[in-house]
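As a basis for the values below, the full set of heavy atoms in this structure was taken, side chains included, without hydrogen atoms, waters or symmetry mates. Being a predicted model, the structure only gives us computed values, none of them experimental.
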Amino acid sequence: MSEKLQIAIVGGGIGGLTAALALRARGLSVTVFEQADELREIGARVTVFPNATLLLHRIGLADEIEKIGCPITGQLIRTSTGEFINASTTPSTGIQSYNVHRAEFLKLLADAQPKGTLHLGHRLSGARETDGHVCLSFSNGATVNSDVVIGADGIHSALQREIGLKTHPSSEGIMAYRGLIPTEKLSWAKDIGGRMSRWIGKGRSFLCYPVSSGRLMNMVAFVPTDLDSEESWTAPGDLTALSAEYAGWDDPVLETIGALDATFRWGIYDRAPLPYWSAGRTTLLGDAAHAMVPHLGQGAAQAIEDGFTLAVFLEGAKPEEVSKRLKAYERARLERTSQIQALARETGRFFRAEYDDVAERDRFMAKWMAANGQIRGHDAEKVAKEAFVLAKDARSI
């Protein structure tokens, strides 16, 4: 056996590819296995908040993120009829937030992988731990032995099932319509800059923000539903039905819907925190570990934090230490991600409410902004180093 741990990551999305870069930055040997035959990220955007930007800078991606990202300079929140609720600027922390197009971000991360370390067309069919390693088998007939396996394979994680876990998704009773519009087609967006625009109303919310260096406007419209909608980025939506949902709303909302050539619908499902993420030499990260509703925009950032935390806990590990170190990683991350899952859920309810009591609305707004500030100011790598030292002192790893 090589002295260097051999790590396999199942899932070549944003979380898996970022984790691979973070692990290699600490001298670990990593191979990524992705089930798709080509890397193709469907969907419109990822918000890279400061808690993620900080970490990406540390692995040399600062310039690349700046090239593809649209800097977030603030947000505008209005009622359904256009009354201003809040107009804020992004606090000057020295670390920029960006909205980036998912496909562009994924390409950036894939291009940063060393040649021969990313294998496409590998759909996991089984994982079995034996003789001090995990044997992965794939539907294409390939088998791989690894000292550590990381499941970064999303909400329908095969690795999650392999370690005895099962999630029970429950609908929020809403679905989202998504779409992209050239910004130049929207008269209201001429002076928007990098600000995010949100309209909130009874049972619905409507969100727009620029991506692709401001060339495109991404739209996400949350509406009530009693149907079982797919958790899919590609299910086609009905423009006529979307328009009917927002009849009587503010003019920019109606203009945006009218400018769409097509829309896609996306079922929003919630999940309770998992009781554990790790078993033996296998662990989970990102949506496979803590899928959350999208109302905070922290899903990608939390996956990135997971990867950097794993890198801290696996650096210098001997094969016989792997299981304890993975459990320590889980302990270091479980409370934070569970809290963010809960806040995302609460935020969604707030954005789909109309308040008769404006003071009550403003109290929640202040609470929400304070919590967001704490989340975005987090340095996951620093916290992981501190947790690692404490675990070592306590001889739990």
Side-chain angles (χ1 to χ4, degrees), residues 14-15 44-57 65 69-79 84-100 105 172 174 176 192-200 205-211 218 220 222 268 270 273 286-287 290-306 308-309 333-353 355 358-383:
I14 289 167
R45 66 93 186 186
V46 173
T47 301
V48 184
F49 284 118
N51 51 312
T53 309
L54 174 73
L55 302 176
L56 295 171
H57 282 193
I65 290 291
C70 186
I72 300 173
T73 58
Q75 66 173 332
L76 302 172
I77 302 179
R78 304 173 178 89
T79 67
F84 275 105
I85 296 173
N86 178 278
S88 65
T89 56
T90 300
S92 178
T93 61
I95 303 170
Q96 182 63 58
S97 298
Y98 296 93
N99 281 316
V100 300
F105 191 26
E172 275 202 315
I174 63 166
I192 198 67
R195 289 178 293 181
M196 302 176 73
S197 296
R198 189 188 305 270
W199 290 260
I200 65 176
S205 65
F206 195 89
L207 175 63
C208 289
Y209 41 81
V211 295
N218 185 61
V220 189
F222 296 96
I268 309 298
D270 198 6
D287 283 350
H290 46 71
M292 55 188 67
V293 290
H295 311 301
L296 277 181
Q298 275 287 330
Q302 292 310 302
I304 291 168
E305 287 189 5
D306 289 344
F308 277 79
T309 303
R333 292 290 299 156
L334 188 55
E335 181 178 1
R336 173 168 167 81
T337 56
S338 297
Q339 289 173 345
I340 293 173
Q341 281 177 302
L343 183 60
R345 186 179 305 123
E346 190 176 3
T347 298
R349 289 194 289 265
F350 169 67
F351 284 150
R352 299 189 303 276
Y355 286 85
V358 174
E360 181 186 357
R361 181 195 70 193
D362 292 347
R363 280 194 297 271
F364 184 88
M365 179 72 72
K367 172 187 172 184
W368 175 73
M369 292 182 73
N372 257 325
Q374 293 174 352
I375 290 168
R376 297 173 189 181
H378 188 80
D379 185 338
E381 190 173 45
K382 178 183 176 182
V383 170

**Study point:** Contact check, side chains of Asp306 and His290, non-hydrogen atoms, under 4.5 Å
**Key:** yes
**Study point:** Nearest non-hydrogen partners of Gly69 and Val100, listed with the distance
**Key:** CA-CG1, 3.5 Å
Check your understanding: Quick one: do the Thr347 and Trp368 side chains pair a donor with an acceptor below 3.5 Å?
Key -> yes
Review point. Side chains of Asn218 and Tyr209: is there a donor and an acceptor less than 3.5 Å apart?
Key: yes
Point to revise | Separation of Ile375 CD1 from Gln339 CD (nearest 0.5 Å) | key: 8.5 Å
Revision key, fill the gap. Value for OG1 (Thr53) from CD1 (Ile95), rounded to nearest 0.5 Å, stands at 7.5 Å
Point to revise | Those residues that, when tested against Arg345, pass salt bridge (charged side-chain N to carboxylate O under 4.0 Å, His left out) (two or more places apart) | key: Asp270
Practice item. For the pair Glu381 (side chain) and Leu55 (backbone), establish whether a donor and an acceptor sit closer than 3.5 Å, ignoring hydrogens and angles. Key: no
Point to revise | Contact summary for Ile340 and Met292, nearest pair of heavy atoms | key: CG2-SD, 3.7 Å
Check your understanding: Does a side-chain heavy-atom distance below 4.5 Å link Glu346 with Lys367?
Key -> yes
Exercise for review: Any chance you could lay out the side chain to side chain contact (heavy atoms under 4.5 Å, CB included) test for Phe350 and Arg361, step after step, and finish with the verdict?
Suggested key: CA-CA 8 Å; Phe350 169 67; Arg361 181 195 70 193; 3.8 Å; yes
Practice item. For the pair Ser97 (side chain) and Ile72 (backbone), establish whether a donor and an acceptor sit closer than 3.5 Å, ignoring hydrogens and angles. Key: no
Exercise for review: Could you tell me whether the side chain of Arg352 reaches within less than 4.5 Å of the side chain of Glu172, counting heavy atoms only?
Suggested key: yes
Review point. After noting the C-alpha distance and the side-chain angles of Phe105 and Leu56, does the key distance pass the side chain to side chain contact (heavy atoms under 4.5 Å, CB included) rule?
Key: CA-CA 12 Å; Phe105 191 26; Leu56 295 171; 4.0 Å; yes
Exercise for review: Please report the closest heavy-atom contact between Gly297 and Phe49, naming both atoms and the distance.
Suggested key: O-CE1, 3.4 Å
Review point. Can Arg376 and Gln298 be counted as having a side-chain donor-acceptor contact under 3.5 angstrom?
Key: no
Check your understanding: Checking side chain to side chain contact (heavy atoms under 4.5 Å, CB included) for the pair Ile200/Thr79: CA distance, chi angles, key distance, verdict?
Key -> CA-CA 5 Å; Ile200 65 176; Thr79 67; 5.7 Å; no
Exercise for review: Kindly indicate whether the side chain of Arg195, heavy atoms from C-beta on, has any atom under 4.5 Å from the side chain of Pro210.
Suggested key: no
Exercise for review: Could you check if a side-chain atom of Pro294 sits within less than 4.5 angstrom of a side-chain atom of Phe222, using non-hydrogen atoms only?
Suggested key: yes
Review point. Side chains of His378 and Gln302: is there a donor and an acceptor less than 3.5 Å apart?
Key: no
Exercise for review: Report yes if the side chains of Arg198 and Phe206 come closer than 4.5 Å at any heavy-atom pair, otherwise no.
Suggested key: no
Check your understanding: Would a 4.5 Å heavy-atom cut-off, applied to side chains only, mark Arg349 and His295 as touching?
Key -> no
Exercise for review: Going by the side chain to side chain contact (heavy atoms under 4.5 Å, CB included) test, name the single residue among Asn99, Thr73, Leu76 that passes it with Met196.
Suggested key: Asn99
